[in-house]
Each structure stands twice: as C-alpha cells, then as structure tokens.
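Side chains included, hydrogens not; waters and symmetry mates left out as well; all remaining heavy atoms used. Atoms within each ligand, like the ligands themselves, are counted from 1 in listed order.
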Amino acid sequence: MLSVAIDGPAGVGKSTVSKILAKKLGWNCLDTGALYRAIAVACKNNKTNINDINEVDKLLKKIQISVNFENGEQHTFVNGEDVTNFLRTKEMDMLSSVTSAYQNVRSSILDLQRNLAKQQNLVVEGRDITSNVLKESKNKFYLDASPQERALRRYNERLSKGEDANFDDVLQDLLQRDKNDTTRKIAPLICTPDSIKIDTTNLSIQEVVDLMYNNIKLS
Ligand code: DC
C-alpha cells in the first residue's frame, strides 16, 4: 500500500491540505490528532484525572479507539460511540496535548494507525508520522508556517464558525502547544532529514497541495 506522511505544528493547515490532497489521490485521510483527542474525551467522560498517568493507564485498558471513513470523512469512536463532534474544542486542544505526551497513550493507538495504512492507500497527518508511525513511507512532508500566520489562520477559522476568539489568546495557546509538542521526551515533533519541508506562510492552500502532489511517488 502507498502512503503520504505529513507532520507539522498546530494550526499549519495540515488537516485542510491533507484532506484535499487525499481527495485528489482518491484516498482516505487519517487525522491522527483525532485519536489523541478521542482519548482526552474519554478521560473527561470517565472523570479520569488526566494528570495522573496511572489513572489514564487504567482507562486505556477499558477503552477501544476505532476509526471509519464515510464518504471520505473520518469518524472516530470510543468503545463504538462516535465522538467526532466533541473533538475540536479549545478544551480538547489542551487535554489532548497532555494525553499525547504519555507513552502508554501513544502505544495504545500505534497499531491502529499502522493497520489502517496497511489496509488502504492513505494520507496520514500528525506529529510523529514521518519519524515513527510510517517511518518507511516514500512520501514524507513537513509543513511549517510562522506562529503569527498559524494563529491568524486559527483565529479566522474560529470567527468563520461564529465562535468567540481573541488573537492574542489563540497565539499564546498555539505557542504553548508548540512547546509541548517539540519538547516532550516521547515522539517529539521533528522535521526528519528525509521529509520535504514546505514553508506555507506565504502560500495558498492550493499552492501547498500542488507542491506536495507534484512530489508524490506513486510507485
Ligand atoms: O493535530 P491536533 O491538534 O488535532 O492534535 C491534537 C494533539 O495531539 C496535539 O497536542 C498534538 C498531538 N498529536 C501527537 O502528539 N501526535 C500525532 N501524531 C498527532 C497529534
């Protein structure tokens, strides 16, 4: 099976670009952040103390995360319950930043990610896809953009959804998540030497997609 592995910091536009790219290829797209968010939702629903690794470990033994794709849209489940609509909130931004730093959490969803990529051609995006999950992929990309540009994109996205947003708060959240993602001991976000690095600061979504598409090896 073929894969495209994409890593990059929060707010860089990975999800948007990955979905368009997957559509162009006729493949599905796996948003791996959704898996860490689903575990965060499970912690909240089970009143698990997210800062206590032992409590999180107990919970992991009781839950199963799964994914399916309906008309190209990813649905993420905890014990068979579709939690997709609860994943993209400010609270889950922060809670998933905590869950994703735990080794036991990462190990619990590693096989799921690899199995999905074994079953079908897949675009996979996250933080450790090029460095760990799909190390062997022939198509690796690292997307980047300045923190200001990424915060602006998030801020505009929130406003367009009719949500309240304050640019400085969005920027501070983003800088905190960058710090968590890049400095954690386990599977930190890095740009691997064999990834094509694209600075998207001054590029349109379509320009980024085209640049990636033109560099993908399909054999
Ligand atoms: O991409 P996202 O914002 O939905 O990711 C949610 C959290 O999970 C974020 O803190 C980064 C983390 N994450 C990770 O550690 N590894 C991945 N492959 C994907 C996301």
- line: When distances are taken from atom 16 (N) of ligand 1, the protein heavy atom at minimum range is Arg106 NH2, 3.0 Å
query: Without hydrogens or angle criteria, can the side chains of Asp168 and Gln172 be said to hold a donor-acceptor pair below 3.5 Å?
result: no
- line: Short version for Gln176: what comes under 4.0 Å of ligand 1, heavy atoms counted, is neither
- prompt: Below 4.0 angstrom, N of the basic side chain to O of the carboxylate: do Glu157 and Arg153 qualify?
  reply: no
field: atom 6 (C) of ligand 1 [closest protein heavy-atom partner, distance rounded to 0.1 Å]
entry: Ser96 OG, 3.4 Å
statement: Looking at Lys14, Arg177, Met92, Met94, the heavy atom closest to atom 9 (C) of ligand 1 belongs to Arg177
task: Can you figure out which of Ala40, Ser100, Ser97, Ser15 has its heavy atom closest to atom 12 (C) of ligand 1?
output: Ser100
query: Are the charged groups of Asp164 and Lys90 less than 4.0 angstrom apart, N to O?
result: no
task: Could you check Arg127, Arg150, Arg184 and say which one makes a salt bridge (Lys or Arg N to Asp or Glu O under 4.0 Å) with Asp178?
output: Arg150
query: Any idea which atoms of ligand 1 are less than 4.0 Å away from a heavy-atom of Arg37?
result: 2 (P), 3 (O), 4 (O), 6 (C)
query: Against heavy atoms of Arg88, which atoms of ligand 1 measure under 4.0 Å?
result: 4 (O)
message: Please confirm whether Gln113 approaches ligand 1 to less than 4.0 Å, judged on its heavy atoms.
response: no
- request: Return yes if a side-chain donor-acceptor contact under 3.5 Å exists between Asn68 and His75, otherwise no.
  value: no
- prompt: Considering only the protein, which heavy-atom contact is closest to atom 14 (C) of ligand 1, and what is its distance?
  reply: Arg127 CG, 3.4 Å
- request: Please determine, by modelled atom types, if Asp31 and Ser15 share a side-chain donor-acceptor pair under 3.5 angstrom.
  value: no
task: Looking only at protein heavy atoms, identify the closest one to atom 19 (C) of ligand 1 and say how far it is in Å.
output: Thr32 OG1, 3.3 Å
message: Salt bridge or not between Asp210 and Lys24? Use side-chain N to carboxylate O under 4.0 Å.
response: yes
task: In plain terms, say whether Arg154 and Asp173 are close enough for a salt bridge, that is, a side-chain N and a carboxylate O under 4.0 Å apart.
output: no
message: Can you tell me which portion of Asp181 lies within the under-4.0 Å heavy-atom range of ligand 1? Options are side chain, backbone, both, or neither.
response: side chain
query: Judging by distance only, is a nitrogen or oxygen of Glu125 under 3.5 angstrom from one on ligand 1?
result: no
message: With nothing but distance in play, are any N or O atoms of Asp31 less than 3.5 Å from an N or O of ligand 1?
response: no
message: Quick test of your reading of the model: are Arg158 and Asp93 salt-bridged, counting only N-O distances below 4.0 Å?
response: yes
- request: Report the nearest protein non-hydrogen atom to atom 5 (O) of ligand 1: residue, atom name, distance rounded to 0.1 Å.
  value: Gly33 CA, 3.5 Å
